[in-house]
Chemist: 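Okay, here's the structure, questions in a sec.
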Amino acid sequence: MNTASAAPARSQQSIEIRPFDAPVGAEVLGLDLSQPLPADDFARIHRAHLDHHVLVFRDQRITPDEQIAFSRRFGPLQIHVLHQFQLAGHPEILIVSNVVENGKPIGLGDAGHFWHSDLSYKERPSLGSLLHAQELPSEGGDTLFANMHLAWDTLPDELKRKVEGLRAEHTYLAKYAELQRRSPWRPNLSQEQLDQVKPVVQPVVRTHPETGRKALFVSEHFTTRIVGLPQDESDALLQQLFDHSTRAEHVYRHVWQPHDLVFWDNRSLMHLAAGTPDHLRRKMYRTTIEGDEPF
Ligand code: SIN
């Protein structure tokens, strides 16, 4: 993580961090991310991110380059396998959008249709993702976040004993064909793309590398089976874990405001895009930071 900024020293901005009355999340006020962030402000943001797992930076009039620069302070950025939806000239930005122009989708319209943690199908899944609102619908388009530390903490002891130490397979392709059947946003993948998304095995319970807290790390989008269990037993156990993780008391629902930049911790959370009515436009820019190999 790049804590020592190359930015020139300047006075601290008067940042206010207001936790939400919710199982995760805080709002960050008084910060302009178009300006370079001095090391002490960065350290406050970093700490708040670890404490609250979702940070909502209000009213950020930032350019793609500024979003990329801020994201890079936390680690290298990952390029999404669907290069069709990269922002032109900025491969680090994935366009998440339901907009179709001249018969062509401009972005990935069904990103987040199932609960997931970003890039859990990679050996080094994402540390965190940043989503910047470019165009919001007048209704719908919310994003839900489930606190996977709480999900682990509140799991019945018997279930904890059952799953601790287990490993599960994650694959990008788990729901691909299903999504492809019902949306225009899932192109056929080339061999090169398929080679980038080979299945991986991850711990069912992971330890956050910075806080040491345990979290459940399985999702309905990408986890296909628990290694070593018959498929029916694995399906039933995974369903139990998914249902428990997304109980209302673990979930924060983000209702977007213009120019919100939302930064979440994929090591602590799963998220879900609640969906946008077809006749309304939604366009977001996502950057995705690489994390560690889960343990
Ligand atoms: C995502 O899963 O990255 C997209 C979430 C959203 O569009 O709300």
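As the structure is a computational prediction, the values presented were derived from the model and not from experiment. Both ligands and their constituent atoms are indexed starting at 1 by order of listing.
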Chemist: If we ignore hydrogens and angles and just use 3.5 Å, is the side chain of Glu169 paired with the main-chain N or O of Arg225 as donor and acceptor?
Modeler: no
Chemist: Using ring-ring contact (aromatic ring centres under 6.0 Å, His included) as the criterion, point out the one residue from Phe263, Phe70, Phe57 that pairs with His49.
Modeler: Phe263
Chemist: Which residue and non-hydrogen atom of the protein lie closest to atom 8 (O) of ligand 1, and at what distance in Å?
Modeler: Thr143 OG1, 2.6 Å
Chemist: Counting each atom of ligand 1 from 1 as listed, which ones have a heavy atom of His116 under 4.0 Å away?
Modeler: 2 (O)
Chemist: Using a 4.0 Å heavy-atom threshold (strictly under), name the region of Met284 that reaches ligand 1: side chain, backbone, both or neither.
Modeler: neither
Chemist: State plainly whether the residues Asp51 and Arg47 are in salt-bridge range, i.e. N to O under 4.0 Å.
Modeler: yes
Chemist: So does Pro64 get a backbone contact from the side chain of Glu92, meaning a donor-acceptor N/O pair under 3.5 Å?
Modeler: no
Chemist: Does ligand 1 come near enough to Trp264 that some N or O of the ligand is less than 3.5 Å from an N or O of the residue?
Modeler: no
Chemist: Provide the number and element of each atom of ligand 1 under 4.0 Å from a heavy atom of Gly112.
Modeler: 2 (O)
Chemist: With heavy atoms of Arg282 as the reference, note each atom of ligand 1 found under 4.0 Å away.
Modeler: 6 (C), 7 (O), 8 (O)
Chemist: Classify the angle between the aromatic ring planes of His46 and Phe74 as parallel (below 30°), tilted (30 to 60°) or perpendicular (above 60°).
Modeler: perpendicular
Chemist: Heavy atom of His254 under 4.0 Å from ligand 1?
Modeler: no
Chemist: Looking at ligand 1, would Leu131 count as a contact under a 4.0 Å heavy-atom criterion?
Modeler: yes
Chemist: For atom 1 (C) of ligand 1, find the nearest protein heavy atom and state the residue, atom name and distance (0.1 Å precision).
Modeler: His271 NE2, 3.5 Å
Chemist: Could you check whether the rings of Trp264 and Phe145 sit parallel, tilted or perpendicular, using 30° and 60° as the cut-offs?
Modeler: tilted
Chemist: Can you name the atoms of ligand 1, numbered from 1 with element, that are less than 4.0 Å from a heavy atom of Val96?
Modeler: 7 (O)
Chemist: Ion pair present between Lys160 and Glu158, side-chain N to carboxylate O less than 4.0 angstrom?
Modeler: no
Chemist: Do side-chain atoms of Gln202 reach the backbone of Lys122 as a donor and acceptor pair under 3.5 angstrom?
Modeler: yes
Chemist: Which residue owns the protein heavy atom closest to atom 3 (O) of ligand 1, what's the atom, and how far is it?
Modeler: Arg286 NH1, 2.8 Å
